[in-house]
Undergrad: 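One structure follows; several queries about it will come next.
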Amino acid sequence: MDENVFFTFQKKDMTKLPKFLVLALTFLFFSLCSTAQFKLPKVLAFGNFTYANPTGDLKTGYDNGTGFEIGAGLGFGKTLITASTGSMKYQAVSSNALGDLKVTPIKAGIRQYLLLGLFINGDVGYAIQSYSKSSATASNFLYEIGGGIKLLGIIELGVAYTGWQTPASTNANAILFKGGLAIKL
């Protein structure tokens, strides 16, 4: 009689085990499927050195510009909302009485990755400006549109066209050549 009780006990536990395994496998399957549908946000951090080639009215008073830009982005998939700031110094020509132009851009925009590391971006913001030989300052609307490529998953090269109005009320435009690092998590 003790053997039948033991056999009955084992048989009862044996029927619970497959039910538990089916339940556990079902839970695992649905949890994996649901995480495949939910995409985590992408985070981007970048820093670039920038060389500027002035165009239009800005070219008459300045030879070139150099500076840097740092920023971050957040988004889903291939579209990111970005924010950046930096500093640019435009070297005045010898006949320019205002001196060098310092510009601190504060921008927000959108970056869209296309394929093979190619991206396009557009930004708007403010250009906080001052001259080295004048007390004139200004904060004016700034726009920038451009694109670039991300190489080896971390190196970023780009070209952009930017425009704003200087404190001397002239339209300023420049072609920007950017190179630096970008980490996308």
Side-chain angles (χ1 to χ4, degrees), residues 40-59 61-93 96 98-114 117-185:
L40 293 174
K42 302 287 185 191
V43 177
L44 174 72
F46 60 91
N48 296 312
F49 290 104
T50 305
Y51 174 83
N53 185 19
T55 61
D57 294 341
L58 191 64
K59 188 176 179 105
Y62 299 92
D63 287 329
N64 60 46
T66 56
F68 69 92
E69 174 184 35
I70 57 172
L74 180 66
F76 291 95
K78 295 183 176 192
T79 304
L80 299 167
I81 303 296
T82 60
S84 65
T85 189
S87 181
M88 289 293 297
K89 183 178 181 182
Y90 290 88
Q91 307 295 325
V93 296
N96 188 338
L98 296 171
D100 295 343
L101 174 63
K102 181 182 177 194
V103 179
T104 302
I106 300 172
K107 305 178 288 187
I110 296 176
R111 178 180 286 198
Q112 177 69 45
Y113 282 92
L114 304 172
L118 293 172
F119 63 87
I120 56 173
N121 62 288
D123 298 310
V124 294
Y126 283 101
I128 302 168
Q129 307 159 77
S130 63
Y131 293 108
S132 62
K133 295 180 181 177
S134 171
S135 61
T137 61
S139 296
N140 295 322
F141 176 77
L142 166 109
Y143 66 90
E144 183 177 308
I145 188 164
I149 188 166
K150 193 169 180 182
L151 304 169
L152 305 173
I154 194 167
I155 298 170
E156 187 172 272
L157 301 173
V159 177
Y161 182 79
T162 188
W164 72 97
Q165 190 172 25
T166 68
S169 297
T170 60
N171 291 326
N173 302 95
I175 298 172
L176 307 175
F177 299 94
K178 301 178 181 188
L181 301 176
I183 300 169
K184 188 175 178 186
L185 305 173

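Both backbone and side-chain heavy atoms feed into the values below; hydrogens, waters and symmetry mates do not. Count residues from 1 along the sequence.
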Undergrad: Using a distance-only test with no angle check, is there a side-chain donor-acceptor pair under 3.5 angstrom linking E69 and T50?
TA: no
Undergrad: With T170, which residues qualify under side-chain hydrogen bond (donor to acceptor under 3.5 Å, both in side chains), at least two apart?
TA: T166
Undergrad: With sequence neighbours excluded, what pairs up with Q112 under the side-chain hydrogen bond (donor to acceptor under 3.5 Å, both in side chains) test?
TA: T79
Undergrad: Any chance you could measure S139, atom OG, to Q129, atom CD, to the nearest 0.5 Å?
TA: 7.5 Å
Undergrad: Check A52 against L176 and note the closest heavy-atom contact, atom names and distance.
TA: CB-CD2, 3.5 Å
Undergrad: Report, as yes or no, whether the 6.0 Å neighbourhood of atom CD1 on I154 holds more than 12 heavy atoms from other residues, nucleotides or ligands.
TA: yes
Undergrad: Do the side chains of S87 and K102 get nearer than 4.5 Å, heavy atoms only?
TA: yes
Undergrad: Might you confirm whether atom CZ of F141 has over 12 heavy atoms from other residues, nucleotides or ligands at distances under 6.0 Å?
TA: yes
Undergrad: Identify which one of N171, N53, L101 satisfies the side chain to side chain contact (heavy atoms under 4.5 Å, CB included) criterion when paired with L58.
TA: L101
Undergrad: Give the table of side-chain donor-acceptor pairs shorter than 3.5 Å for residues 70-77, with sequence neighbours excluded, one pair per line with atom names and distance.
TA:
none

Undergrad: Do side-chain atoms of Y62 reach the backbone of G99 as a donor and acceptor pair under 3.5 angstrom?
TA: yes
Undergrad: Under 6.0 Å from the NZ atom of K59, do we count more than 12 heavy atoms belonging to anything else shown?
TA: no
Undergrad: Minimum heavy-atom separation for L98 to A168, with atom names?
TA: CD1-CB, 4.1 Å
Undergrad: Kindly say whether Q91 contributes a backbone atom to a donor-acceptor pair with the side chain of D63 at under 3.5 angstrom?
TA: no
Undergrad: Enumerate the side chain to side chain donor-acceptor pair (under 3.5 Å) contacts for residues 142-162, please, sequence neighbours excluded, ordered by first and then second residue.
TA: K107-E144, R111-E156, Y143-N173, E144-K178, Y161-N173
Undergrad: Run the ring pair (Phe, Tyr, Trp, His ring centres under 6.0 Å) test against Y131 and tell me which residues pass, sequence neighbours left out.
TA: none
Undergrad: According to salt bridge (charged side-chain N to carboxylate O under 4.0 Å, His left out), does anything in residues 42-51 pair up with another residue at least two apart or in another chain? List the pairs.
TA: none
Undergrad: Sequence neighbours left out, what passes ring pair (Phe, Tyr, Trp, His ring centres under 6.0 Å) with F119? Give chain and number order.
TA: Y113
Undergrad: Tell me the closest heavy-atom pair linking P105 and L142, and the distance in Å.
TA: CB-CD2, 4.0 Å
Undergrad: Applying salt bridge (charged side-chain N to carboxylate O under 4.0 Å, His left out), which residue pairs with at least one partner in residues 159-176 are found, sequence neighbours left out?
TA: none
Undergrad: What is the minimum heavy-atom distance between T104 and G86, and which atoms define it?
TA: CG2-O, 3.2 Å
Undergrad: If the condition is salt bridge (charged side-chain N to carboxylate O under 4.0 Å, His left out), which residues does K89 pass it with, not counting sequence neighbours?
TA: D100
Undergrad: Closest approach of M88 and G65, non-hydrogen atoms and distance?
TA: CE-C, 3.8 Å
Undergrad: What residue pairs, at least two apart or across chains, pass ring pair (Phe, Tyr, Trp, His ring centres under 6.0 Å) with a residue in residues 163-185?
TA: Y90-W164
Undergrad: Does I110 CD1 have over 12 foreign heavy atoms under 6.0 Å away?
TA: no
Undergrad: Does anything in residues 49-58 form a salt bridge (charged side-chain N to carboxylate O under 4.0 Å, His left out)? List the pairs, not counting sequence neighbours.
TA: none
Undergrad: Once salt bridge (charged side-chain N to carboxylate O under 4.0 Å, His left out) is applied, what residue pairs with a partner in residues 160-175 remain, sequence neighbours excluded?
TA: none
Undergrad: When you look at D123 and T82, which way does the side-chain contact (heavy atoms from CB on, under 4.5 Å) test go after all the steps?
TA: CA-CA 8 Å; D123 298 310; T82 60; 3.5 Å; yes
Undergrad: If I take atom CG from residue L181 and atom CD1 from residue I155, how far apart are they, to the nearest 0.5 angstrom?
TA: 7.0 Å
Undergrad: What I'd like to find out is whether the side chain of L114 reaches to under 4.5 Å of the side chain of I120, using heavy atoms alone.
TA: yes
